[in-house]
Amino acid sequence: MNFSANLGFLFTDLSLPDGIRAAKAAGFSAVECHFPYDTRPADIMTALTETGLPMLGLNTHPGNRDAGEFGLSAMPGRGADARAEIDRACDYAVATGTRMVHVMAGRTDGGPDADQAFVDTLSYATERAATNGLDILIEPINHRDVPGYHLSRVEQAVDLIDRIGAPNLKIMFDCYHVQIMQGDLIQRFRTHQHMIGHVQIAAVPDRGEPDQGELSYHHIIPALRDLGYTAPIGAEYKPRGTDTDAGLGWLSAYSG
Ligand SMILES: O=C(O)C(=O)[C@H](O)CO
Ligand SMILES: [Mg+2]
C-alpha cells in the first residue's frame, strides 16, 4: 500500500524539509503539503532529492485566516487576488516538481455570483496550470469544520468540472469531508472515479489516525485498490498525540 504524508498535519514540529525526511523514515512513499510558501523551494527540492519522495500536491494560499478566509477563488470581487495566488502556487509547484495544485474556494454566501467567480477563476487556473503540465484539484470540504465553504459536495465538484470542461481539473476526494457531508463513500468514488485526482483519509469524527471511528479503512482502502486506484493515498489527519511517529501503527498494518 502506498501512502502520502500530508505535512500540513503530520510532522508539524519539524520544518517542511525535515518533515519530508521524517516521512521517508516512517515508510511513506510520497508527501503533500498545505501552504509551503514560507519555505524556499530549493530547500524542499533538496529533501525530495535526498529521500526520493515526490511532493504530490500543495494548496493555493488561503488568504487572511485571522479574518476567516479559507481560500479566495469563489469570493466575488477577489478574482485578481485569487489569480495571483494561483500564479504563485503554480510557480512553487514547478520549482518543486509538484504535479497537483489545490485551488481553495473560500467561504461565500453560496449564491450565483460566487458560483460564477469560482468558474471564472478555475478557468484561469486550468489554463495557467496546463502551460506547466499541472493538474488543478478542487476539494469538497465539510461545513461543520468550515461553515460557508463554497464547495462542500462531490456532485457540486462534478458539475463544475462538466461546466469548465478542462481535462486537468479534478476532484480531491477527502474521505473525511465526504463522510461528514454525504457518506456512501465507495459508491460515490466509483461513480466519479474518472474525475478524481487524489484521495485523502482521516478518522471520522475526530480527524485522527485512520484506525478508529465510523469509517473502516481496512474495508475502504482495498475497495479503492480493487477499483484500480493505485496512486498514493494522502494521510491527512491530525495525530491524536503530540508525536506523529507514535501514532503510525496504522501504517504498518498496511505494509507487506
Ligand atoms: O482541509 C482539507 O481537507 C484540505 O485538504 C485542505 O488542503 C485544506 O487545508
Ligand atoms: Mg483534504
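Indexing begins at 1, ligand by ligand and atom by atom, following the structure's order.
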Q. Between the Mg ion (ligand 2) and Gln200, is there an N, O or S atom separated by less than 2.8 Å?
A. yes
Q) Strictly under 6.0 Å, is that where the ring centroids of Tyr176 and Tyr237 end up? A) no
Q.
With heavy-atom distances below 4.0 Å as the criterion, list the atoms of ligand 1 near Phe70.
A. 8 (C)
Q. Does NZ or CZ of Arg65 come closer than 6.0 Å to the centre of the six-membered ring of Phe70, within 45° of the ring's axis?
A. no
Q: Please name the atom of Glu236, restricted to N, O or S, that is closest to the Mg ion (ligand 2).
A: OE1
**Q.** Protein heavy atom at shortest distance from atom 4 (C) of ligand 1
**A.** Glu139 OE1, 2.8 Å
Q: Would you mind running through ligand 1 and noting each atom that sits below 4.0 Å from a heavy atom of His34?
A: 7 (O), 9 (O)
Q. For ligand 1, which atoms have a heavy atom of Glu236 less than 4.0 angstrom away?
A. 2 (C), 3 (O), 4 (C), 5 (O), 6 (C), 7 (O)
(Q) Just checking Asp243: does its CG atom have more than 12 heavy atoms from other residues, nucleotides or ligands closer to it than 6.0 angstrom? (A) yes
(Q) Any salt bridge linking Arg78 with Asp81? Criterion: basic side-chain nitrogen under 4.0 Å from a carboxylate oxygen. (A) yes
Q. For atom CZ of Arg21, is the number of surrounding heavy atoms from other residues, nucleotides or ligands below 6.0 Å larger than 12?
A. yes
Q: Tell me which part of Tyr176 gets within contact of ligand 1: side chain, backbone, both or neither, using heavy atoms under 4.0 Å.
A: neither
Q.
With a 4.0 Å cut-off on heavy atoms, is Arg207 in contact with ligand 1?
A. yes
(Q) Quick one, Gln182 with Val154, criterion side-chain contact (heavy atoms from CB on, under 4.5 Å). Give me CA distance, side-chain angles, the key distance, then yes/no. (A) CA-CA 8 Å; Gln182 304 186 269; Val154 173; 3.5 Å; yes
**Q.** Of the N, O or S atoms in Asp174, the one nearest the Mg ion (ligand 2)
**A.** OD2
Q) Counting heavy atoms not belonging to Arg128, are there more than 12 under 6.0 Å from its CZ? A) yes
Q | atom 7 (O) of ligand 1 - nearest protein heavy atom and its distance | A | Asn59 ND2, 2.7 Å
(Q) Nearest N/O/S atom of Glu139 with respect to the Mg ion (ligand 2), by atom name, please. (A) OE2
Q: Looking only at non-hydrogen atoms, find the nearest pair between Ala26 and Asp245 and report the distance.
A: CB-OD1, 4.0 Å
Q) Counting from 1, what ligand 1 atoms have a heavy atom of His177 closer than 4.0 Å? A) 1 (O), 2 (C), 3 (O)
Q. At a 4.0 Å threshold, what atoms of ligand 1 neighbour a non-hydrogen atom of Asp174?
A. 3 (O)
Q. Would a line drawn from the ring center of Phe173 to the ring center of His198 be shorter than 6.0 Å?
A. no
